[in-house]
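Here is the structure we will look at, set down as structure tokens.
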Amino acid sequence: MTKPARVRFAPSPTGYLHLGGLRTALFDWLMARHTGGQFILRVEDTDQKRYNPDSVQFIFDGLRWLGLEWDEGPDKGGPFAPYVQSERREIYQQYAEWLVDQGKAYRCYTSEAELEELRAKGQPYDRRHRNLTAAQRAAFEAEGRSSVVRLAAPLEGKTVVHDVIRGDIVVESASVADPVLLKSDGLPTYHLAVVVDDHLMEITHVLRGEEWIPSAPLHKLVFDAFGWEAPAFVHLPVILDPSGKGKMSKRKSVVEGKEFSPFVHDYMQAGYLPDAMFNFLATMGWNFDGEREVFSREEAIERFDVADISAKAAALPFAKLDWLNGVYIRQMEANALKQALAPYLARDLGLDAAALLTDPRLDALIPLIRERIKLLTEAAPLVDWAFATAGTITYPNPALLIGKKLTAAQSVDVLRAGLELLAAVEPFELPALEADFRARAEAMQIPVGSFFAPFRVAITGRTVAPPLFESMVVLGRAETMTRVENGLAALTSFAAE
RNA sequence: GGCCCCAUCGUCUAGUGGACUAGGACUCAGCCCUUUCAAGGCUGCGACUGGGGUUCGAAUCCCCAUGGGGCUACCA
């Protein structure tokens, strides 16, 4: 085992939590747990314009849903509190000033319009205020110009940043065009805040998306300016849009008629299991051993190593997520599945979640649907009939009550025969029901599939439903017979037309 | 445009110079099982971007090309 790592997930609270962010947090967490270190949550809210007050809660909810509890963070404190950058403003200002005093940074008075001119020409900042005299600065101040603090980056030589998964990244130091460290509103830019905080919070490994690679040399230069040792950089491959074009956007994308959301909360709503999402996200850029696809959190912690992460950007294989979710549902204990299902059934069927948990019908249905659903939200349409009353099961298309390759008249006979059996069968349980129905199907020389179909539609109102006799048992004799009678009536009048 | 990163089946990936006839998973197709639908079992389709090197030997190392991606803000 390696040394305990201190890693942080440092999202900007600008909206919903993104799957890409969640994957980064997952790797952070995995690394912290693997090394016996700490996982820190830090909120990087230095951009006033994009700040969204609800999103801190979205971040908390998403991380906790996946089971990624942090050791230090805004809501739980820690030795390096506060963990919200807007509350650390003075710290950054002090460090920025120190840099200016040391000649490692300088005040720049260039106006927005002047900067815009440069940008229009495709030029980077030209360091025009790098060597201002005291008098020039005083003149700008007198003019009432606002200023920012810029890093005085080296004018020659190369800067080397070591990335754990890609090796050395080398750039011309001069290409780092004296970036802004402290904005005119007194808040730091990401580049200053991230360096100061990572140092102060004793972060050992910086895990973040590869879109940060271009600014890694600049961060290295800031660490150098302070005389601090930089943490290890681990730039994670970006997650591509399912369409395969560009990185996954901040909005839903539609591929072949299917909608894919990049936001965690949509997956929470849609009935995905945290364990499945955990497993799924862990294989995005990392893999268990090349053979196994399904593994537990503990197993992942045991094997995880940032050095094994792939450098290749990839699109999320959502079909695989659905499959994995099904695998996890099938693995669940009946009671655990019931607990997980209840809120979704309550929501979609208009039932009371607490009452559902003590409803014997749900207990009986769980084993029947466990292998038929990939998402928790798929349960409702499979079991809605069980919680409905006979009258609400209608047959808008009575033709569906006709078994395959049967005539309407034959189906009527089948339902009548079934009614007879249902009245007499004893006990009203699976083996007896199945034996009686099979025997009758054979006696009437009708294939079982065709014989059973009318009953399925009569009692559930659907052509696709859980196994027939188990469903009858859930309903009980009286309810089952009422529904078959209703179906028979509907089919009879349909056949008469 | 400039700078940087990446490159194995449709997708996610294994592969760190000989064990590669390139493995696994999802998807798709077929068959089996079967009471619908699933689940399950079996089978199949399917890839080293191209070109140069290095080497006895290259998917693996180097170079170039090509393709894809990222960044290019007083946003992160």
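Quick note on labels: first sequence line is chain A, next is B, and so on, each numbered from 1.
At least one side-chain nitrogen or oxygen of A:Lys183 sits closer than 4.0 Å to the OP1 or OP2 atom of B:A76.
Taking atom CZ of A:Arg462 as the reference point, atom C1' of B:U36 lies 13 Å away to the nearest angstrom. Atoms CG (A:Leu324) and P (B:U13) sit 14 Å apart, rounded to a whole Å. Spacing between atom CZ of A:Phe469 and atom P of B:U36 amounts to 12 Å, rounded to whole angstrom units. The nearest whole Å value for the distance from the CG atom in A:Leu19 to the C1' atom in B:C12 is 15 Å.
In this structure, A:Pro466 reaches the bases: a heavy-atom distance under 4.0 Å links it to at least one base atom across the strands shown. Residue A:Ser175 is classed as having no contact, given no heavy-atom separation below 4.0 Å to the nucleic acid. When heavy atoms are screened at a 4.0 angstrom cut-off, A:Gly209 is found touching no nucleic acid atom at all. At the heavy-atom level, A:Arg50 lies under 4.0 Å from base atoms of the strands shown. Residue A:Glu293 is in base contact, counting any heavy-atom pair closer than 4.0 Å across all strands shown. As judged by a 4.0 angstrom heavy-atom cut-off over every strand, A:Thr110 is placed among the base-contacting residues. Note on A:Thr283: only backbone sugar-phosphate atoms sit closer than 4.0 angstrom, heavy atoms only; bases stay farther off. At a threshold of 4.0 angstrom between heavy atoms, the contacts of A:Arg292 with the nucleic acid are absent. Among the protein residues, A:Gly246 comes within range of the sugar-phosphate backbone only, with heavy atoms under 4.0 Å from sugar or phosphate atoms but none that close to a base.
Taking 3.5 Å as the limit, the base of B:C74 and the side chain of A:Ser184 contain a donor-acceptor pair of atoms between them. Side chain A:Lys320 to base B:A25: a donor-acceptor pair is found below 3.5 Å. For A:Arg119 against B:U72, no side-chain N or O and base N or O form a donor-acceptor pair under 3.5 Å.
Straight-line distance between the P atoms of B:G1 and B:A65: roughly 14 Å, to the nearest whole Å. Comparing the P positions of B:U8 and B:C45 gives a spacing of 22 Å, expressed to the nearest Å. Taking the C1' atoms as reference points, B:A25 lies 11 Å from B:A14, given to the whole Å. On the P atoms, B:C62 is 15 Å away from B:U16, given to the nearest whole Å. Rounded to the nearest Å, the gap between the P atom of B:G24 and that of B:A47 is 14 Å.
Closest approach of A:Arg456 to A:Pro466, counting heavy atoms only: NH1-O, 4.2 Å.
Among the nucleotides B:A76, B:U8, B:G70, the one closest to any side-chain atom of A:Lys247 is B:G70. Out of B:C37, B:C12, B:U35, the shortest distance to the side chain of A:Ala315 is found at B:C12. Taking every side-chain heavy atom of A:Thr46 into account, B:A76 is the closest of B:U13, B:C5, B:A76. Ranking B:C37, B:C6, B:U35 by closeness to the A:Arg166 side chain, first place goes to B:C6. Among the nucleotides B:U35, B:U11, B:C6, the one closest to any side-chain atom of A:Ala311 is B:C6. Residue A:Trp323 places its side chain closer to B:C26 than to any other of B:C6, B:C75, B:C26. With B:C4, B:C74, B:U8 as the choices, the nucleotide that has an atom nearest any side-chain atom of A:Ser146 turns out to be B:C74. Minimum atom distance to the side chain of A:Arg330 is reached by B:A39, of the listed B:A39, B:C12, B:C74. Among B:U36, B:C5, B:U8, the nucleotide with an atom closest to any side-chain atom of A:Glu210 is B:C5. Comparing B:C3, B:U35, B:A76 by their closest approach to the side chain of A:Val171 singles out B:C3.
Ionic pairing of A:Lys320 and A:Glu293 is present here: one or more N-O contacts between side-chain nitrogen and carboxylate oxygen are shorter than 4.0 angstrom. Between A:Arg292 and A:Asp289, none of the side-chain N atoms (NZ, or NE/NH1/NH2) sits under 4.0 Å from a carboxylate O, so this pair counts as no salt bridge.
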Original post:
Run the side chain to side chain contact (heavy atoms under 4.5 Å, CB included) check on A:Tyr106 and A:Val149 step by step: do they pass?
Top reply: CA-CA 5 Å; A:Tyr106 59 94; A:Val149 172; over 6 Å; no

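Across A:Phe288, A:Tyr328, A:Phe304, a single residue satisfies ring-ring contact (aromatic ring centres under 6.0 Å, His included) together with A:Phe295, and that is A:Phe288.
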